[in-house]
Amino acid sequence: MNNLILTNESQGVFTITLNRFDKKNALNSSMYRQLCENLNYASNTDTIHCVVIRGNEHCFCAGNDLQDFIASSKDEELVAASLINVLINFSKPLVAAVAGAAVGIGTTLLLHCDMVFAATNSKFKLPFTQLGLCPEAGSSLLIPQLVGHNKAFELMVLGQTFTAEQACQFGIVNQVSSPEELLALTEKTAMAIAQLPHDAVLTSKKLLRQSNKLLLEQVASNEINDFSRLVNTPECKSILAQFFK
């Protein structure tokens with residue numbers, strides 16, 4: 001279980017690699033805890049100036065592990081809320097490399113990144129209502145800010161899959177590359193960020209994020225309350241149960 005998330009630190013860049021490829025990097029409770037621990041470590045380590053989160057050139061993250069999600073106690077469900085809180089308050093530059101599946105939290109966590117690179121094989125999807133659930137991770141605030149209410153409703157309520165090129169048009173992704181070039185491009189950018197004057201970078205990120213921070217914290221809290229309510233409804237339980245029949 002301990003190798004589901006790998007880390008590496010080099011030249012001021014701390015790389016977090018999701019490493020559960022047999023499950024398309026679906027996040028379980030243990031992985032949520034490890035992500036929180038790794039991000040907190042990066043936040044408190046002076047030699048780390050930029051953080052990368054990635055899978056490989058074929059897969060980023062297929063969202064929650066539904067089997068683990070169903071089996072989790074209420075206390076364990078809050079682990080996802082803990083990650084969201086860590087992301088909202090993370091002060092250092094966060095860069096993501098996306099390929100293949102980016103579903104649910106695999107898309108919404110990107111909204112808290114400062115730069116995102118996506119391969120042409122990426123497939124983004126926000127299937128919350130299809131599962132009887134609602135948006136999370138502050139996405140009900142952040143996506144409408146990027147694309148407006150009507151498009152956000154389409155993406156988050158209809159939950160249709162969208163491409164890397166569309167994600168770039170929406171402002172979720174900075175740049176699209178081939179799968180073969182994705183990880184090298186992300187690493188090169190992270191290294192460039194890490195070499196910039198660190199105080200100036202942290203201050204710039206803080207200023208860019210400050211107008212949204214209090215509102216984002218409140219929205220994320222509201223989302224978690226509604227998400228927790230919906231996941232315990234008969235309708236949601238029935239939908240989730242269908243996945244294992």
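Because the structure is predicted, anything quoted here is derived from the model rather than measured. This chain uses plain numbering: 1 for the first residue, then up along the sequence. For the numbers below, each heavy atom of this structure counts, side chains included, while hydrogens, waters and symmetry mates do not.
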Got a sec, which residues hit salt bridge (Lys or Arg N to Asp or Glu O under 4.0 Å) with [X], two or more places apart in sequence or on another chain?
X      : value
Lys205 : Asp114
Glu217 : Lys213
Lys151 : Glu154

Report the distance from atom [atom1] of [X] to atom [atom2] of [Y], rounding to the nearest 0.5 Å.
X      : Y      : atom1 : atom2 : answer
Leu39  : Thr7   : CG    : OG1   : 11.0 Å
Leu182 : Gln175 : CG    : CD    : 10.0 Å
Leu94  : Cys113 : CG    : SG    : 4.0 Å
Leu202 : Ser91  : CG    : OG    : 5.5 Å
Met156 : Thr129 : CE    : OG1   : 9.5 Å
Leu35  : Leu83  : CG    : CG    : 5.5 Å

For this session: Please examine the side chains of Thr186 and Phe117, heavy atoms only from C-beta on, and report whether any two atoms are closer than 4.5 Å.
Result: yes
For this session: Report yes if some heavy atom in the side chain of Cys50 is under 4.5 Å from a heavy atom in the side chain of Val95; otherwise report no.
Result: yes
I'd like to know if the side chain of [X] reaches the main chain of [Y], judged simply by a donor and an acceptor atom lying under 3.5 Å from each other, with no hydrogens or angles considered.
X      : Y      : answer
Glu223 : Ser140 : yes
Asn19  : Asn3   : yes
Ser238 : Pro234 : no
Asn121 : Ala99  : no
His58  : Gly55  : no
Gln130 : Leu158 : yes
Thr107 : Phe124 : no
Arg20  : Ala26  : yes
Lys123 : Phe162 : no
Ser228 : Asn225 : no

Can you name the closest pair of heavy atoms from [X] and [Y] and give their distance?
X      : Y      : value
Cys236 : Leu131 : SG-O, 3.3 Å
Gly132 : Ile239 : N-CD1, 3.8 Å
Leu142 : Ala137 : CD1-O, 4.3 Å
Leu183 : Ala97  : CD2-CB, 4.0 Å
Asn38  : Ile5   : ND2-CG2, 3.5 Å
Ala42  : Val51  : CB-CG2, 3.6 Å

For this session: Over 60° means perpendicular and under 30° means parallel, so classify the ring planes of Phe128 and Phe227, tilted if in between.
Result: perpendicular
For this session: Indicate whether the side chain of Glu181 and that of Ser178 have a donor and an acceptor atom separated by less than 3.5 Å.
Result: yes
For this session: Return yes if a side-chain donor-acceptor contact under 3.5 Å exists between Asn222 and Asp226, otherwise no.
Result: no
For residues 188-199, which side-chain N or O atoms pair as donor and acceptor with protein atoms under 3.5 Å away, sequence neighbours left out?
| residue | atom | partner | partner atom | Å |
| --- | --- | --- | --- | --- |
| Thr189 | OG1 | Leu185 | O | 3.0 |
| Asp199 | OD1 | Thr203 | OG1 | 3.2 |

Exercise. Mind checking what makes side chain to side chain donor-acceptor pair (under 3.5 Å) contact with Gln166, not counting sequence neighbours?
Worked result: Thr163
Problem set entry | Same cluster (ILVMFWY, side-chain, under 4.5 Å), Val52 and Val176 | no
For this session: Indicate if Leu27 and Val103 have the same hydrophobic cluster label, given that clusters are the connected sets of ILVMFWY residues with side-chain heavy-atom separations under 4.5 angstrom.
Result: no
For [X], I'd like to know if atom [atom1] has over 12 heavy atoms of other residues, nucleotides or ligands within 6.0 Å.
X     : atom1 : value
Glu57 : CD    : yes
Phe21 : CZ    : yes
Lys92 : NZ    : yes

Problem set entry | With Tyr32 via ring-ring contact (aromatic ring centres under 6.0 Å, His included) - residues at least two apart | none
Problem set entry | Test log, rule side chain to side chain donor-acceptor pair (under 3.5 Å), inputs Asn212 and Gln145 | CA-CA 10 Å; Asn212 241 14; Gln145 287 180 338; 2.8 Å; yes
For this session: Check each of Asn89, Leu87, Ile53 against His112 using the side chain to side chain contact (heavy atoms under 4.5 Å, CB included) test, and report the only one that passes.
Result: Leu87
